[in-house]
Amino acid sequence: MPSPIIAHGLEGVIAGSTRLSRVDGLAGELIIAGYPLEEIAANASFEETTFLLWNDRLPDAAELADFQQRLASLRALPEATVALLRAVAAEKTPPMDALRMAAATLSLGSVEGDANEATALVARFPTVVAAYWRLLHGAEPVTPDPALGHAANYLYMLNGEGPTAAQARGVETYLNTVIDHSFNASTFTARVITATASDLVSAITGAVGALKGPLHGGAPGPALDMVFEIGQADRAEAYLRAKLERGERLMGFGHRVYKVRDPRADVLSAAAEKMYLAGGDMQLYELARSVEEKAVALLAEYKPGRKLQTNVEFYTALLLHGLGLKTALFTPTFAVGRVAGWTAHCLEQRAEGRLIRPGSDYHGGLGRQWTAISERG
Ligand code: ACO
């Protein structure tokens, strides 16, 4: 029998098929349900992209109005979810942990069946994040405003005041840019759970746990901290070199699939540039560009042949910071966008109906004989 090929980290393995998104890591292209990311980022509302993922087509005007209304009607949280958030805010629990705990409660309130669960999860994630953020800072949650779109309402619930059109579009561009990305770690987690014939709320709760890690969705906070610590462009090289000499990773760089610049970084850096320009202060944006340039050059020097380029997280940090979001909100806001993609993958996996269960290569001992406890040691 030929010896099996072991793909550590499943690198290079095609673990299934999807119509939801295609990532071309060599060309630096991302397709969302047939549309280039740039088309979606420039034109779509978050509700339209969610509808597209779930239905494989864009809604007409009546369908969109109906979908927006349905999502808006499900934004309010079950009482038990709010009580949980209050209790964990008192313990200063980090927002991603609070989101993971709250996600597990979102089946409450007579939400049953895949379609209803998917809608409630997408509708309620922003409410959970915003309500928790306010509770954590001693403020009361803001009641969702059904007259506002999904993205604008998220900023409204966070800040207690309506965002400008530019701010709302900035966050909407971000949510659309991260909405789906083929079989990334958190999406794959959701698919594995769904494939056992479990429910969507369980699958999404698991996905939140996977997203939290700094090798996945937890990178933008440290990426921004790094830019702030560098402070001015002429300090970038020494700072980054010292980090690489210590064997540390530069957050916001490198990707399992992209070997060229992540196309999402292009979209988000353009959105960030527009926003900082409108705000009249380009200092941070320009500093980030210099840090990026230096980082990519040093990564080529320290890790030749690895093709480590800027990933989505670097400009996520810059854009969300420019929108007034604190660092601790970056990964939860990623989840607010990605939950639509997660649910779409769950629905696709449900239709496929095949258990995901890879094999493993055993490298433990063999032929051991049991020793009674009195004879051990
Ligand atoms: N900084 C320094 N070195 C790096 C970096 C980095 N950002 N990324 C990879 N490397 C190095 C590794 O140390 C390794 O070097 P070695 O072969 O000498 O040991 C080599 O490049 C290959 O790295 P792998 O870990 O094999 O690459 P992998 O595909 O597993 O990792 C990952 C991808 C986890 C994203 C990695 O690039 C990384 O840790 N980046 C920093 C964290 C980050 O920005 N995460 C967000 C990713 S985007 C997202 O998930 C939404």
Side-chain angles (χ1 to χ4, degrees), residues 6-13 15 20-21 23-26 28 30 32 37 96 174-190 207-227 229-230 236-237 239-269 288 291-320 327 329-342 345:
I6 303 163
H8 290 286
L10 296 184
E11 191 160 359
V13 171
L20 297 168
S21 56
V23 181
D24 185 334
L26 297 180
L30 171 58
I32 307 281
L37 168 66
M96 273 306 275
Y174 172 71
L175 298 177
N176 272 334
T177 299
V178 299
I179 198 165
D180 197 44
H181 206 237
S182 77
F183 281 21
N184 60 86
S186 54
T187 300
F188 194 59
T189 303
V208 173
L211 184 72
K212 180 185 148 188
L215 297 190
H216 188 11
L224 187 68
D225 292 343
M226 185 173 79
V227 174
E229 277 168 34
I230 290 171
E237 172 154 6
Y239 176 98
L240 296 169
R241 211 175 261 290
K243 244 182 174 335
L244 291 167
E245 289 287 345
R246 291 194 297 270
E248 290 175 24
R249 291 188 177 211
L250 306 183
M251 292 294 140
F253 298 89
H255 197 274
R256 176 60 64 81
V257 181
Y258 291 119
K259 300 304 164 201
V260 295
R261 198 168 191 260
D262 186 330
R264 299 169 299 173
D266 287 336
V267 168
L268 296 183
S269 77
V291 170
E292 177 190 16
E293 201 181 304
K294 221 19 111 196
V296 170
L298 288 173
L299 285 167
E301 181 186 324
Y302 279 81
K303 301 283 173 186
R306 300 293 192 199
K307 299 194 171 77
L308 301 172
Q309 296 285 336
T310 318
N311 66 43
V312 65
E313 303 289 40
F314 191 72
Y315 284 100
T316 288
L318 210 64
L319 178 62
L320 296 187
T327 312
L329 274 171
F330 293 175
T331 311
T333 303
F334 191 156
V336 165
R338 185 56 63 82
V339 66
W342 287 335
H345 277 271

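Just so you know, ligand 1 is whichever comes first in the structure, and atom 1 is the first atom listed for that ligand.
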Please tell me if the side chains of V13 and F183 come closer than 4.5 Å, counting only heavy atoms from C-beta onward. no
Would you mind writing out the side-chain donor-acceptor pairs for residues 213-224 within the sub-3.5 Å range, not counting sequence neighbours?
| unit_1 | atom_1 | unit_2 | atom_2 | d |
| --- | --- | --- | --- | --- |
| H216 | NE2 | N184 | OD1 | 3.4 |
| H216 | NE2 | S186 | N | 3.3 |
| H216 | NE2 | S186 | OG | 2.9 |

Under-4.0 Å heavy-atom contact between protein and atom 26 (O) of ligand 1: no
Ranking H216, E11, R249, E248 by closest non-hydrogen atom to atom 23 (O) of ligand 1, top hit is R249
Considering only heavy atoms, does L215 approach ligand 1 within less than 4.0 Å through its side chain, its backbone, both, or neither? both
Element-labelled atoms of ligand 1 that are located less than 4.0 Å from some non-hydrogen atom of F334: 51 (C)
Is there a donor-acceptor pair under 3.5 Å between the side chain of R338 and the backbone N or O of A207? no
For A340, check side-chain contact (heavy atoms from CB on, under 4.5 Å) against everything at least two apart and list the hits. F46, T50, V122, I179
For Y315 and R264, does a side-chain donor sit closer than 3.5 Å to a side-chain acceptor? no
Could you check whether the rings of F314 and F253 sit parallel, tilted or perpendicular, using 30° and 60° as the cut-offs? tilted
Taking the six-membered ring for Trp, are Y174 and F334 parallel (under 30°), tilted (30 to 60°) or perpendicular (over 60°)? perpendicular
Counting non-hydrogen protein atoms only, what is the nearest one to atom 35 (C) of ligand 1? Give residue, atom name and distance. G254 O, 3.7 Å
Which ligand 1 atoms are under 4.0 Å away from a heavy-atom of G252? 43 (C), 44 (O)
Assess Y302 for proximity to ligand 1: is some non-hydrogen atom of it under 4.0 Å away? no
Contact atoms of ligand 1, heavy-atom distance to R256 under 4.0 Å: 28 (P), 29 (O), 30 (O), 33 (C)
I need the minimum non-hydrogen distance between L240 and V291, along with the two atoms involved. CD1-O, 3.9 Å
Enumerated ligand 1 atoms positioned under 4.0 Å from heavy atoms of V312: 51 (C)
Would you confirm whether D262, through its side chain, and V312, through its main-chain N or O, come within 3.5 Å as a donor-acceptor pair? yes
contact_flag P214 ligand 1 heavy-atom lt 4.0 Å: yes
Which heavy atom of the protein is the closest neighbour of atom 47 (C) of ligand 1, given with residue, atom name and distance? N311 ND2, 3.5 Å
Near L299 (heavy-atom distance under 4.0 Å), the atoms of ligand 1 are 1 (N), 2 (C)
Could you go through the salt bridge (charged side-chain N to carboxylate O under 4.0 Å, His left out) check for R261 and E292 one step at a time? CA-CA 11 Å; R261 198 168 191 260; E292 177 190 16; 2.9 Å; yes
Of all heavy-atom pairs between L308 and V296, which one has the smallest distance, and what is that distance? O-CG1, 4.3 Å
For atom 17 (O) of ligand 1, what is the nearest protein heavy atom, given as residue, atom name and distance? R306 NH2, 2.3 Å
Are any of the N/O atoms on K303, whether in the backbone or the side chain, positioned under 3.5 angstrom from an N/O atom of ligand 1? yes
When you measure from atom 42 (C) of ligand 1 to every protein heavy atom, which one gives the shortest distance, and what is it? M251 SD, 3.5 Å
For atom 40 (N) of ligand 1, grab the closest protein heavy atom and report residue, atom and distance to one decimal in Å. F253 O, 2.9 Å
Could you check atom 9 (C) of ligand 1 against the protein and tell me its nearest heavy-atom contact, residue, atom and distance included? L308 CD2, 3.6 Å
Nearest protein heavy atom to atom 6 (C) of ligand 1, by residue and atom, and its distance? L250 N, 3.6 Å
